[in-house]
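Report on one structure; see the data block that follows.
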Amino acid sequence: MSSMNVAETHSEAESQALTDGFHLVIDALKLNDINTIYGVPGIPITDLGRLAQVEGMRVISFRHEQHAGNAASIAGYLTQKPGICLTVSAPGFLNGLTALANATTNCFPMILISGSSEREIVDLQQGDYEEMDQLAIAKPLCKAAFRVLHAEDIGIGVARAIRAAVSGRPGGVYLDLPAKLFAQTMDSVAGQNSLVKVVDAAPRQLPAPESITRALNVLKSAKKPLIILGKGAAYAQVDQTIKDFVEKSGVPYLPMSMAKGLLPDDHPQSAGAARSLVLKEADVVMLIGARLNWLLSHGKGKTWGEPGAKKFIQVDIEPREMDSNVWIAAPVVGDIGSSLLEMNKAMGDKWAKPPVDWTNAIQERKDVNLAKMASKLMNNQVPMDFHSALGALRTIVKQRPDTILVNEGANTLDFARSIIDVYKPRKRLDVGTWGIMGIGMGAAIAAAVETGERVLAVEGDSAFGFSGMEIETICRYNLPVCIVVFNNNGIYRGTDVNPAGGADVAPTVFVKDSRYDLMMQAFSGVGAYVTSADELTQAVNEALDSGKPTLVNAIIDENAGTESGRIGNLNPQSVVTKK
Ligand code: ADP
Ligand code: MG
């Protein structure tokens with residue numbers, strides 16, 4: 001359908017009291033309070049985007065589907081409503097699918113809606129335009145996948161997708177809408193009646209009372225207890241209940257990276273600056289919305305001290321998460337809000353705080369580590385290193401705690417995670433469970449669109465490259481996003497040379513002194529080039545004051561990074577020398 005006959009079709013349909021697939025999809029989303037679509041237009045969904053805009057939805061068009069998908073997943077994380085990503089068939093679908101799989105891995109609710117080609121031709125493999133059996137491909141990579149063939153089933157299809165995305169452990173859902181569906185018409189009253197407003201899409205899941213008693217008994221027995229808060233706890237939006245529980249228990253806590261700020265990072269019970277000590281020494285560890293995956297060394301090995309010396313309590317909505325890596329002595333299966341509320345009640349007012357030799361030992365280690373770090377943060381040398389640049393950004397975030405921090409890279413990620421304190425819940429968005437590059441601009445755009453807050457995206461130069469073209473999207477929608485590119489001329493470092501001595505440069509280096517700031521200016525955004533911490537501070541403060549789309553090209557010493565940041569152990573290196 002061409003753009004010219006949108007209005008025509010619309011009025012014609014109204015005069016005959018007809019509706020069609022396009023309008024039913026839009027009405028079904030709106031009925032369920034979903035008012036934003038992230039996507040890339042094209043066949044067969046171009047008119048869906050146009051009509052959605054006509055019907056009052058916010059439609060944010062990207063340059064590549066993966067970033068639209070990442071935006072949708074972050075929208076889901078921030079709002080507890082499934083973020084919608086809309087793509088064309090085959091290649092557009094596949095681009096969006098990466099983000100859908102990532103959303104599922106991270107337990108973010110999202111729905112990927114893709115147009116698809118004609119079933120009859122696809123199934124007989126007769127070579128349709130963008131032919132692909134999208135439903136079959138999506139299925140193993142997401143939480144649920146559905147296809148709607150008839151206009152009267154759109155309401156049910158959308159309802160199932162919403163419920164699947166947000167109930168229980170949240171995740172990604174694929175909704176396949178073949179091109180033919182959009183043009184199908186039906187009586188508009190029957191159409192409205194076919195829509196479904198989902199009641200209680202993510203019902204509370206109350207924990208068994210005996211699981212609460214068991215968990216508190218294990219916690220009470222601890223001499224060196226530790227709480228680990230994960231991004232599931234941040235997602236749950238029960239911030240006060242979590243704070244009450246942590247403070248009532250008096251137990252030191254570690255926030256996983258996206259759980260930073262659930263309690264402010266300068267909270268006296270935070271053990272963030274004594275991470276290795278507490279992981280090694282704790283005798284009881286209580287996981288709240290955090291998984292014992294690679295990010296926590298699977299709960300075993302050197303990081304965790306003596307094998308078998310620890311007991312775990314785990315609060316999670318997903319029963320099958322229990323015992324996934326180590327024995328869980330006290331599983332609490334339920335939603336975090338209901339579970340911690342029960343615990344807060346059962347603990348009463350006389351709950352004994354953990355032994356002071358434990359909390360004192362942690363405080364001592366924190367003091368030493370924080371003093372060590374502080375000395376590196378304040379310097380104005382040229383070029384900057386990671387510490388001096390991040391020291392400047394740390395101060396800015398402290399002064400502007402509502403700013404949403406987006407962070408990706410290798411060294412840029414690792415250092416920023418420990419250096420930049422976060423003061424409020426859901427203010428830090430990063431590479432998540434897979435540790436992937438490429439989430440930056442999608443996350444920044446969704447954060448700005450969904451919250452209206454200022455966004456500060458701290459990006460390694462390599463990480464930025466994965467989604468860099470979306471700066472045009474940021475400028476087009478005039479979003480209050482300030483991107484700081486940590487430019488050290490390459491991946492990990494900028495100093496590698498081609499070991500074979502040929503004309504090509506080493507695979508890990510980029511064009512030296514690249515002017516990422518000029519890219520931003522090309523789209524009428526603000527570009528700044530800075531070489532010292534003072535210049536960086538000034539440029540970022542200006543951006544956050546003005547709210548103008550800004551890219552600050554921050555020149556970092558090209559020798560400063562280390563191989564693979566802090567996860568070099570995961571990157572196999574050859575010891576074989578070939579002659
Ligand atoms: P992190 O990477 O921060 O450790 P993970 O993504 O590994 O966090 O873990 C998040 C966990 O939170 C998942 O196991 C998920 O099932 C759980 N979860 C998500 N939402 C809720 C909720 N409302 N109540 C309980 N658990 C939840
Ligand atoms: Mg770099």
Side-chain angles (χ1 to χ4, degrees), residues 76-77 80 102-109 143 165-171 202-207 228-238 241-242 254-260 262 287-299 314-322 324-325 328 331-341 386 389 408-413 415 417 426 428-435 437 459-465 485-496 508-510 512 514 516 553-565:
Y77 172 69
Q80 298 182 319
N102 183 54
T104 307
T105 299
N106 280 280
C107 315
F108 298 157
K143 192 177 168 193
V166 297
S167 61
R169 169 182 280 176
R204 288 189 304 146
Q205 299 204 7
L206 302 183
I228 297 181
L229 299 171
K231 62 181 172 301
Y235 172 79
Q237 297 199 17
V238 289
T241 307
I242 291 171
L254 268 186
M256 298 300 288
S257 62
M258 283 177 63
K260 277 164 73 77
L262 257 178
L287 300 154
I288 304 177
R291 286 172 286 183
L292 281 175
N293 54 21
W294 71 281
L295 290 159
L296 285 169
S297 316
H298 305 281
Q314 184 160 28
V315 183
D316 204 291
I317 203 158
E318 173 57 63
R320 290 180 304 172
E321 187 56 39
M322 307 300 162
S324 58
N325 286 272
I328 303 297
V332 178
V333 176
D335 73 87
I336 289 167
S338 304
S339 302
L340 293 190
L341 213 55
F386 288 96
E408 62 176 336
N411 292 283
T412 305
L413 176 86
F415 285 115
R417 187 172 46 218
R426 294 170 295 283
R428 185 185 154 87
L429 307 170
D430 67 26
V431 301
T433 304
W434 266 345
M437 299 300 115
E459 301 270 316
D461 50 355
S462 160
F464 172 69
V485 176
F486 274 35
N487 185 354
N488 65 349
N489 294 341
I491 300 173
Y492 312 134
R493 274 181 308 265
T495 49
D496 284 4
T508 51
V509 302
F510 299 138
K512 286 202 188 296
S514 291
Y516 298 105
N553 186 359
I555 307 304
I556 306 286
D557 183 352
E558 64 176 2
N559 295 290
T562 58
E563 183 88 6
S564 304

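In listed order, ligands and their atoms are each counted from 1.
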Quick one: look up the protein heavy atom nearest atom 3 (O) of ligand 1 and list residue, atom name and how far away it is. K231 N, 2.7 Å

Within this structure, what is the CD-CD1 distance for the pair Q237 and I242, rounded to the nearest 0.5 Å? 10.5 Å

Closest to atom 25 (C) of ligand 1 among protein heavy atoms sits I336 CG1, 3.2 Å

Working to the nearest 0.5 angstrom, can you tell me the gap between S462 OG and Y492 OH? 8.0 Å

Looking just at side-chain N and O atoms, do K231 and S257 make a donor-acceptor pair shorter than 3.5 Å? no

Using a plain distance cutoff, I'd like to know if R169 has any nitrogen or oxygen under 3.5 Å from a nitrogen or oxygen of ligand 1. yes

Could you list the atoms of ligand 1 found under 4.0 angstrom from a heavy atom of D335? 24 (N), 25 (C)

Euclidean distance, D461 CG relative to F510 CZ, rounded to 0.5 Å: 5.5 Å

Students should be able to answer this: which protein heavy-atom is nearest to atom 7 (O) of ligand 1, and at what distance? R291 NE, 2.8 Å

In this structure, atom 20 (N) of ligand 1 is nearest to the protein heavy atom Y235 CD2, 3.7 Å

G334 near ligand 1, heavy-atom distance under 4.0 Å? yes

Distance filter < 2.8 Å from the Mg ion (ligand 2), protein N/O/S hits 3

Holding to salt bridge (Lys or Arg N to Asp or Glu O under 4.0 Å), I want the full list of residues that pass it with R169, two or more places apart in sequence or in another chain. E321

From CZ (R493) to CG (D557), nearest 0.5 Å: 11.5 Å

Nearest non-hydrogen protein atom, atom 13 (C) of ligand 1: D316 OD2, 3.3 Å

Atom 23 (N) of ligand 1: which protein heavy atom is closest, and how many Å away? A236 CB, 3.8 Å

To the nearest 0.1 Å, how far is atom 26 (N) of ligand 1 from its closest protein heavy atom, and which atom is that? I317 N, 3.2 Å

List the closest protein heavy-atom neighbour of atom 10 (C) of ligand 1: residue, atom name, distance to the nearest 0.1 Å. G289 O, 3.1 Å

Gap separating the CG atom of N489 from the OG1 atom of T495, nearest 0.5 angstrom: 9.5 Å

Could you tell me the separation between the CG atom of N325 and the CG atom of L296, rounded to the nearest 0.5 Å? 9.5 Å

Quick one, L229 with K260, criterion side chain to side chain contact (heavy atoms under 4.5 Å, CB included). Give me CA distance, side-chain angles, the key distance, then yes/no. CA-CA 8 Å; L229 299 171; K260 277 164 73 77; over 6 Å; no

Ignoring hydrogens and geometry, is there a side-chain-to-backbone donor-acceptor pair from N488 to I556 under 3.5 Å? no

Nearest heavy-atom approach of P109 to A165 is CB-O, 3.5 Å

Relative to each other, are the rings of F415 and F386 parallel, tilted or perpendicular (30° and 60° limits)? parallel

Can you tell which part of M256 has a heavy atom less than 4.0 Å from ligand 1: side chain, backbone, both or neither? side chain

Of the side chain and backbone of N293, name the one, both, or neither that has a heavy atom under 4.0 Å from an atom of ligand 1. side chain

